[in-house]
2 protein chains.
Amino acid sequence: MVRTILAAVVLCAIFMSRGEAQAQAPLNLMPMPAKVQSGNGRLLIDPSFLVTITGHKEPRLDGAVELFLTQLRRQTGMPPIDMKVTDSASATLVIHCDGGTRETQQLGEDESYRLEIGNSGARLSAPTTLGVMRGLQTFLQLLQTTSGGFAVPVISIEDSPRFPWRGLMIDAGRHFIPLDVLKRNLDGMAAVKLNVFHWHLSENQGFRVESKKFPRLQAMGSDGLYYTQNEVRDLIAYARERGIRVVPEFDMPGHNTAWFVGYPERASGPGPYEIERKWGVFDPAMDPTREETYKFLDTFIGEMAGLFPDQFFHIGGDEVNGKQWDANPKIQEFMRAHGMKNNNDLQAYFNQRVQQIVSKHKKTMLGWDEILHPDLPNSIVIQSWRGPDSLARVAKQGYRGLLSSGLYIDLMWSAERHYATEPISGAAANLSPEEQKRILGGEACMWSEYVSPENIDSRVWPRTAAIAERLWSPQDVRDVSSMYQRLEEVSQRLEWLGLTHNSSYLPMLRRIAGTDDISELKVLADVLEPVKDYAREETAIEPATSAMPLNRMVDAVRPESATARRFANSVSELAAGSSRPGTEAQVRSLLNRWRDNQLELQPLFEKSLLLKEVAPISQNLSALGAAGLAALGYLDRGQPAPAAWVTQQLEMVEQAKKPQAQLLLMVAPSVAKLIQASAGQNASSLPAK
Amino acid sequence: MVRTILAAVVLCAIFMSRGEAQAQAPLNLMPMPAKVQSGNGRLLIDPSFLVTITGHKEPRLDGAVELFLTQLRRQTGMPPIDMKVTDSASATLVIHCDGGTRETQQLGEDESYRLEIGNSGARLSAPTTLGVMRGLQTFLQLLQTTSGGFAVPVISIEDSPRFPWRGLMIDAGRHFIPLDVLKRNLDGMAAVKLNVFHWHLSENQGFRVESKKFPRLQAMGSDGLYYTQNEVRDLIAYARERGIRVVPEFDMPGHNTAWFVGYPERASGPGPYEIERKWGVFDPAMDPTREETYKFLDTFIGEMAGLFPDQFFHIGGDEVNGKQWDANPKIQEFMRAHGMKNNNDLQAYFNQRVQQIVSKHKKTMLGWDEILHPDLPNSIVIQSWRGPDSLARVAKQGYRGLLSSGLYIDLMWSAERHYATEPISGAAANLSPEEQKRILGGEACMWSEYVSPENIDSRVWPRTAAIAERLWSPQDVRDVSSMYQRLEEVSQRLEWLGLTHNSSYLPMLRRIAGTDDISELKVLADVLEPVKDYAREETAIEPATSAMPLNRMVDAVRPESATARRFANSVSELAAGSSRPGTEAQVRSLLNRWRDNQLELQPLFEKSLLLKEVAPISQNLSALGAAGLAALGYLDRGQPAPAAWVTQQLEMVEQAKKPQAQLLLMVAPSVAKLIQASAGQNASSLPAK
């Protein structure tokens, strides 16, 4: 019965491009599938929902279906005794899987799927369990609330990813990130079809994995904050259940201070060493000239190669400043003896030796841009923090590459800016198809100088969902306004997974304010963003350290202010004379709120140390509100604002734009636009109220 | 240095009664300590905070301090490498513990402590680790936000509990409650100094513990939803680290349907049996006349007595309807042969036999009121769902008792009503001191017909904190307005422990609405409460079952509406002519919001099935808002409202008071009060605006 109806749907389906499908019905899918054909009607999802699995069976598939049902129950509020797997042919959802997956998930395994939903049943078919996993996430995203209850729309979807490597890197070295936090982020990754968790496991500030061969690594280099080998295995299994590979990174020969606390003899300088508390690039580096170094690494990499089953092994390789090498006469002697001209040559030698070790342990080496060197075999993969042009060179030289430039989510960019980061762009766009294939995809990188277990989710999500779409969906999926609309929906959905990117916000504001009533503080915080790029270091009064609390306003506010973004859109409409009914009233209401907010917030500033630094920003917001209202007044009256007033107000806005307490007042540019509009534009372009 | 300063504080301290201390400074402590002496100044809490432990040492104490530091870091946003235990005498907090605790926590172990905080250091001393645990929770509650940073006030506290048994029962039988949910509730219990977790582990709807002796109990009686023995041990260890005993309950000879699915031969009727899905009292009961029953129970209780180390073993014993006994000729024959007049006699015989088994396994039997029978030894403990008078009879007869009547938190009472539930009241107030000592305390009972992992926290918290205060603090601590003020603060603090009583609210509303923008829905939900007592059963359109989703508005709204409570206070002030400045404006603003809310909410009702049933309530709220505004108008004009209008409006309010969709519109009585005031009172009693 189900199959007959589905067949009918399929017969009618002429797949349209995604653009046409989007016009038909707003689907809150992210990443947008390759092909979508919307139909009429819906399939109700109620407690009687049943799933049956046909075709190839494996435990990983059963597990994926259980995870799906758990999530479906959560999103609909059904108890665990409802919504079951059955053998019955009358199941609501029939899953057909053609074949199994590898014991260790491989780069490039088939992730395609086909999802057909009719009025009385649905069918998900895929060549592999991985495809089923991806299709089940699409099904969950299709869930809607209707007048008849929960439902998914009648639809046909054919989908497969554009890039085979779609990753999220989390730096657990600079700040330790507990296992449960990683797990909920893996849930988030699975929800948006990311498939590689790149686990940055060691840094100057901490070595984070138990080594049984070299136990002083964690005993002396981690402050007690490390993952046991059992925990590592647990996380890898958790990731596998979600179709995610786990690639470990042990950065070398730099970024190793925490290693040298327990093993100072591996360094190029005399020691002793302490765990680094500050951020930056530091002098300590492994000694590439001693055979003991390679013996150590052979044993260490052998141990870790056994612990981490993935084919790839990331050796970092970035940011060696060479100072310890320059200062060590034995190393200088070695370089002369071997005809090495500079430290690059020495590092290239080190990388070759390490590559041989990695290869001996049956792994493929991966490293940052710096490791690229013609002496290394074509099998290695380069992760580029330099950009698509660098990536194009990598591909031209026959290497495979990953893009991370433009995907550093610690830099507090907008989702739009990350979304525009395209691996196949710049010089890469001119590569031959074969060369382009060497660009495997990309990774969002969560460097952790300024993240804690409390706020890391808010730095990763929801923006990483936009990156996931860039890496999965067809290249022509790039409508920014559609992206934002879907991103907001996805953001709420991710909360059902236990991610705290939204829920941690108010408790952090309450802690800053020292009171539960934070409605005014939220008005202010909602229009703030942390300073961008590396401005937090550059504007710090004292250098930050890993011992510093991350409990300030800059740690609580989101990387991207949705309020400011929407306000900017409204102001653009107003200034262009193309606003919809109600827009001006909304703008006016916000401006009023901002102008008056300072008065209500004032008493709090005196009661909380953490709030004090924010007081001038609140005053600026108040001034922006007043200026915006005045500008609206001029616009309403059709009377150009006096030039002197405009000049004065724009100066005020320039002041308000400057970072304060490492925060940016994101509505300032829009207020400037309003002021400029009030100077040069008459009211006829404003809508009738 | 620290000690000298502390000594000075202590020398000055003349302990005042709690009432006087409260007048000095608002302390958000709950339960309120027995003796509090507030001083001047504060002790700053920053990343350099250090703790040292002197006196007796045991791992449980070290663990308690680590938990304390974790929580302190969370409340202040400090990283894990800050705030350490040290050997240094210059530690910020010196903990002195005189002696250890028992391997298995005993009823009545000393929980007293003394906390002295000076300007530059603090000292916590206690006879036992349990006392240290309680004192550390007080320290956490003292944390404040100040202009200088986080701080605790200079203070001296001497504290000990009024009752030795302060419990929370969670029914994991009717709805399975996962281990992580129990753990976060144990964290909440520890925060408010509760010390007994009563784990209701079997019901007609589910048997929830792995039995290795009788594996069909969980295999056939739990839907796969049970705790393994390792999980049970894990939970008991978790509780012990927090100073909480774990008392298991296996209800018998009734409430056993789930047992009989796998072991039908234990029942008094023929079977076969299925897991019960409905709620209520059912016929199946163990057969008390067969020796096999006692052999089974001997083996089962022996197994469980080994798994649960606590001295007490709860056998339930409630609600046997006797129908299976009446219908079984062999049982009737047995009763005649043994001269039993009725089923009570038969159950008493059963209880005696079970008591002997429990006693043989070195446990003390505990049961509900029904088990009380002169043939049972004085060692047993009676948990009363009948009330203080029943409890007084228990004590008079030489038994020990616990109060749970008035503490059923599933009945959706206000915190105030639970707070007024006093174990030493009614007939119990007239007991001799020795008899009163037999009243060990009480337990909040979370029966789980209508709770899921998602909303259980909101049914337990924050109201249970008020119950905890009743059981810990001196009897004269009973100021309701102070209780509510502190309860709101405690409620926010509990969120730092991972409890979801606040955070689950908005996601549930979003799911009901099917949209993220729920500001109007929240306005409505904020003034709703679930119907009280057993009205949810009585007003159900179809009987509820364990398979029904708990995703309706009645499942999302809180047991007690803070908005309605505050509105009632404001209206009372207005009606009494004693309102403070701003009260009338606040009342008017709320009434306006309610009147207009329906218009904005209307579109949502048509889009969501789960919202449909709420539509009439929204209309009622709108009518209440309009009526209240009109009444305020009459009051303002000093003109009595026309009698006909008053009658008509009060009829409208009566309609609005009626339960709809098992919800109560809690602001209706206050609007009635406003209408009545407008009829009989002139405006002179209203404040100038």
Side-chain angles (χ1 to χ4, degrees), chain A residues 46-47 73-82 144-150 175-176 178 205-206 223-225 275 277 452-455 488-489 491-492 495-496 500 502-503 506-508 510-516 545-552 555-556 605-612, chain B residues 46-47 73-82 144-151 175-176 178 206 223-225 275 277 452-455 488-489 491-492 495-496 500 502-503 506-508 510-516 545-552 555-556 605-612:
Chain A
D46 63 20
R73 289 187 202 109
R74 204 174 289 163
Q75 289 183 210
T76 56
M78 306 292 171
I81 61 174
D82 294 332
Q144 295 172 348
T145 303
T146 76
S147 57
F150 295 105
H175 275 106
F176 180 70
Q205 295 79 9
D223 294 298
L225 300 166
I275 295 176
R277 300 294 180 206
S452 67
E454 185 174 60
N455 74 352
E488 292 193 13
E489 184 69 21
S491 179
Q492 295 291 352
E495 288 270 321
W496 289 114
T500 64
N502 289 329
S503 62
L506 296 187
M508 289 186 80
R510 284 194 199 103
R511 181 168 60 206
I512 290 167
T515 172
D516 302 340
T545 74
S546 56
M548 270 192 184
L550 296 173
N551 58 7
R552 293 166 57 212
D555 302 304
F605 292 124
E606 288 147 28
K607 288 182 185 162
S608 163
L609 181 66
L610 287 171
L611 255 193
K612 263 184 198 155
Chain B
D46 64 20
R73 289 186 202 110
R74 205 174 288 162
Q75 288 183 209
T76 55
M78 306 291 171
I81 61 174
D82 294 332
Q144 295 172 348
T145 303
T146 76
S147 58
F150 295 105
H175 275 106
F176 180 70
D223 295 300
L225 300 166
I275 295 176
R277 299 295 179 205
S452 67
E454 185 173 59
N455 74 352
E488 291 192 15
E489 184 69 20
S491 179
Q492 295 291 353
E495 288 269 321
W496 289 116
T500 64
N502 290 329
S503 62
L506 296 187
M508 288 185 81
R510 283 193 199 105
R511 182 169 59 205
I512 290 167
T515 173
D516 302 339
T545 76
S546 56
M548 268 189 184
L550 295 174
N551 58 7
R552 292 165 57 211
D555 302 304
F605 292 124
E606 289 147 27
K607 287 182 185 160
S608 163
L609 181 66
L610 287 171
L611 255 194
K612 263 185 196 155

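Quick note: numbers below take in every heavy atom, side chains included, and nothing from hydrogens, waters or symmetry partners. Labels below follow one simple rule: chain letters A, B, ... track the order of the sequence lines, proteins then strands, and each chain is numbered from 1.
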(message) To the closest 0.5 Å, what do you measure between OG1 (A:Thr515) and CD (B:Glu489)?
(response) 7.5 Å
(message) Counting heavy-atom pairs under 4.5 Å with chain B, which one of A:Gly224, A:Ala513, A:Ser546 comes out on top?
(response) A:Ser546
(request) Could you tell me whether the side chain of A:Arg511 and the main chain of B:Arg74 form a donor-acceptor pair under 3.5 Å? (result) yes
(request) Specify which of A:His175, A:Lys607, A:Glu454, A:Arg552 makes the most heavy-atom pairs with chain B at under 4.5 Å. (result) A:Lys607
(message) With chain A as the partner, which of B:Asp82, B:Asp223, B:Leu506 has the greatest number of non-hydrogen pairs under 4.5 Å?
(response) B:Asp82
(request) Name the region of B:Ser608, side chain, backbone, both or neither, that has any atom closer than 4.5 Å to a heavy atom of chain A. (result) both
(message) Rounded to the nearest 0.5 Å, what separates atom CG in B:Leu611 from atom OG1 in A:Thr145?
(response) 9.0 Å
(message) Is A:Pro47 in contact with chain B via its backbone, its side chain, both, or neither, using a 4.5 Å heavy-atom distance?
(response) side chain
(message) Can you tell me which portion of A:Leu225 sits under 4.5 Å from chain B's heavy atoms? Options are side chain, backbone, both or neither.
(response) side chain
(message) Given heavy-atom pairs under 4.5 angstrom as the criterion, report whether the side chain, backbone, both or neither of B:Phe150 touches chain A.
(response) side chain
(request) Looking only at non-hydrogen atoms, find the nearest pair between A:Pro549 and B:Pro79 and report the distance. (result) CA-CD, 3.8 Å
(message) Taking every non-hydrogen pair under 4.5 Å, which of B:Arg510, B:Glu606, B:Arg277 racks up the most with chain A?
(response) B:Arg510
(message) When you measure from the side chain of B:Lys612 to the backbone of A:Ser147, do you find a donor-acceptor pair of N or O atoms at a distance under 3.5 Å?
(response) yes
